[in-house]
2 protein chains.
Amino acid sequence: MFKPITIKDIAQALELSPSTVSRALSDSYEINEETKKRIIEYAEKHNYRRNPMASSLRHGRSYSIGVVVCEVANSFFSQAIDGIESVAYGKGYHVIISQSHDSYEREVVNIQHLANRAVDGLLISMSAETKDFSHIANLHGHGLPIVFFDRIIDSFETHTVTSNNREGARMGTQSLIDRGFRKIAHLANAPHLSITAERLDGYKTALKQHGIPLDESLVRYCHHGGRVQQEVEDAVRYFLSLDEKPDAIFVASDRLSMGCLSAFNKLAPEDEHLSVAGFSNSDVLDLLQPGFTCIRQPAFEMGRVAMEMLIQLIESHYPVYEFENTVLSTELISR
Amino acid sequence: MFKPITIKDIAQALELSPSTVSRALSDSYEINEETKKRIIEYAEKHNYRRNPMASSLRHGRSYSIGVVVCEVANSFFSQAIDGIESVAYGKGYHVIISQSHDSYEREVVNIQHLANRAVDGLLISMSAETKDFSHIANLHGHGLPIVFFDRIIDSFETHTVTSNNREGARMGTQSLIDRGFRKIAHLANAPHLSITAERLDGYKTALKQHGIPLDESLVRYCHHGGRVQQEVEDAVRYFLSLDEKPDAIFVASDRLSMGCLSAFNKLAPEDEHLSVAGFSNSDVLDLLQPGFTCIRQPAFEMGRVAMEMLIQLIESHYPVYEFENTVLSTELISR
DNA sequence: CTGAAAGCGCTAACAA
DNA sequence: TTGTTAGCGCTTTCAG
């Protein structure tokens, strides 16, 4: 049905060889200006576009990269994707987004799908469920360039980009302490995510710095990262059921913050109040909950940096042995 | 660097011809079960994957489709994408998502980028800015299968999927009327979008049915679809400045609803109240604004149907001349 | 400055 | 049941 014009067609029409046309179209210096002009004009007139598949096959490169995130309907990730795209387009790369929905199984399928040469490299933020990394190890072992961002794993020798989760969590928790709260709960993400441990650590540090003893019963994990609202509700209900209720909560993520606020609205009695601070890149949350103090990650920047690192890996002609672990700083937005 | 195993490698190792291997791997009936087993085992052991580029080049098909939406960080579109993916994966298609950010220019670039054989077909929801369709007309004219969904244009002979915007808007407006409001404003999307006209129409119908005269000054458009918060604030400020302020607003979209609620929070005096109803597929909005009545579109279903139609176009061996304009129904969620 | 030819990996006639 | 061959569209030596 859809039969685009090829280099051969142009060559025939202009009575030249395909190689000449190819060269002219990539603006080779060894082609007569006159001829070049003729070719380019003809190509434009018949709106020729290079067949990317043939080109890729020839080069052994697809000029596209795969991004694996848990979901795109998430301010943090969509901002990161914008950052990725901003670099990718500039360097002539395509971006293929794929969502794991925080399911291990889907993550495996998607990565497999992307991997075999359909992409030149992978930008991965781990799913909340993933504990076994062999699907990635395999590809990485065969030399597929991979950069991890945000939810990283350190069992691989490669570049990573994260934000300063410890410091962010510390600042967030401290902001609650500064407002006079002492019984501060922590609503955490899935336990085996890198960000979960780091943020928990920051929370603990803040408590320690102010001589507040850590109460393990005030820390609750959400194994599905809040994707299942039920688990958030369970956690909030648990907090509300305690003899000594917490007077504030420090929440580990965007989605959890939303879940937490809405669960609280639903479960708590009218007159009950609870102060919440947490990680969030959501404008909506800002807008609708003016009192909400949040830790903002430089998501766009993170995407940008990750993509730049990936391109560096892809385009390097020698194997790379030195890896960077970039840590960007977070920002406290309090009101 | 990354050098995956090819059919030729397998053939060599097993002392067979590439074609035999190829056939075995696509489970051809004409290959000896014994040989087939050997080949498949070897392939699995060395985890062979078919090079999609070569395969595509050969078939003249990429088995991937492009999706063009304004943004993914939007409940409606991310749900629609989930619907699209659910069908696509089942049928062996890849989904390449690209965001126009409601900019005409980016839409043109993205579509160009996707079009030339990198994809077998396109699923498009128009950007708010787009008035000129020649970039699409061109491709469509050359036979590239295209299905429009949600924000459609009817200057093309092809399938479309929308929801019943008129009826949704009518129900939403009526719900406000039922609650006793008479001065109902309408915060509309960009004027040249199909959905804008339809929703405006539904709003008018509801007013008419209840004998409320239409006051044109109560209708305000957002030319950037609410992407620029300023324009939403301007509209809200305008409503608040009227001598006869509206007592309710019917809002045309997700993003506008958020913008509107937050602008109102920001601009209106404490004691001022305003009832809002509007189109929205956002869970967050539901959660944080319990009083918000919304019109929900079957986004997932819309994606599903659009993708099925597209596959039908792609896989049809004859030119298709009969086109369907599917309209799915919307749902009123009131509280 | 231009052309001929080979080959990226895969598949499908055609032959055997 | 298996092999041979040609070619998808593009690029790049190598040879004029």
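The structure displayed is predicted, hence computed values, not measured ones. Each chain gets a letter, A, B and so on, in the order its sequence line appears, and its residues count up from 1.
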Specify the separation, in whole Å, of atom [atom1] of [X] and atom [atom2] of [N].
X	N	atom1	atom2	answer
A:Ile10	C:dG3	CD1	P	14 Å
B:Asn51	C:dT11	CG	P	10 Å
A:Lys8	C:dA4	NZ	P	13 Å
B:Arg23	C:dC14	CZ	P	13 Å
A:Arg50	D:dC8	CZ	P	19 Å
A:Leu57	C:dT11	CG	P	12 Å
A:Leu25	D:dC10	CG	P	9 Å
B:Ile7	C:dT11	CD1	C1'	8 Å

Closest approach to the side chain of [X], judged atom by atom: which nucleotide of [options] is it?
X	options	result
A:Ser19	C:dA5, C:dT11, D:dT2	C:dA5
A:Thr20	C:dG9, C:dT2, D:dC10	C:dT2
B:Ala54	C:dT2, C:dG9, C:dA12	C:dG9

Answer yes when [X] and [Y] have at least one side-chain N-carboxylate O distance shorter than 4.0 Å, and no when they do not.
X	Y	value
B:Glu34	B:Lys37	no
A:Arg227	A:Glu129	no
A:Arg304	A:Glu301	yes

Practice task
Working to the nearest 0.5 Å, report the span between CG of B:Leu122 and CD1 of B:Ile314.
Solution key: 9.5 Å

Problem - Below 4.0 Å: OP1/OP2 of D:dC10 and any side-chain N or O of A:Tyr48 - result: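 For A:Tyr48, the contact criterion (side-chain N or O under 4.0 Å from OP1 or OP2 of D:dC10) is met.
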
Practice task
Check whether more than 12 heavy atoms from other residues, nucleotides or ligands sit under 6.0 Å from atom CD of B:Glu30, and answer yes or no.
Solution key: yes

Practice task
Select base, sugar-phosphate, or nothing to describe what B:Thr35 touches, counting heavy atoms under 4.0 Å on all strands.
Solution key: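 The residue B:Thr35 makes sugar-phosphate contact but no base contact.
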
Exercise for the section: With heavy atoms under 4.0 Å as the rule, sort A:Thr6 into base, sugar-phosphate or nothing. Expected result: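 Since only primed, P, OP1 and OP2 atoms lie under 4.0 Å of A:Thr6, the category is sugar-phosphate.
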
Handout entry: Inter-end axis angle, the helix from C:dC1-D:dG16 to C:dA16-D:dT1, with every axis fitted to five base pairs (rounded, 10 degrees)
Key = 50°

Practice task
For B:Ser17 and for A:Ser55, locate the closest nucleotide of DNA chain D by heavy-atom distance; then report the residue assigned to the nucleotide nearer the 5' terminus.
Solution key: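 On the 5' side of the pair lies B:Ser17.
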
Practice task
Could you label the plane-to-plane angle of the B:Tyr93 and B:Tyr63 rings as parallel, tilted or perpendicular, counting under 30° as parallel and over 60° as perpendicular?
Solution key: tilted

Exercise for the section: Answer yes or no: is there a donor N or O on one side and an acceptor on the other, between the side chain of B:Ser86 and the main chain of B:Gly83, under 3.5 Å? Expected result: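 Yes: the side chain of B:Ser86 pairs with the backbone of B:Gly83.
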
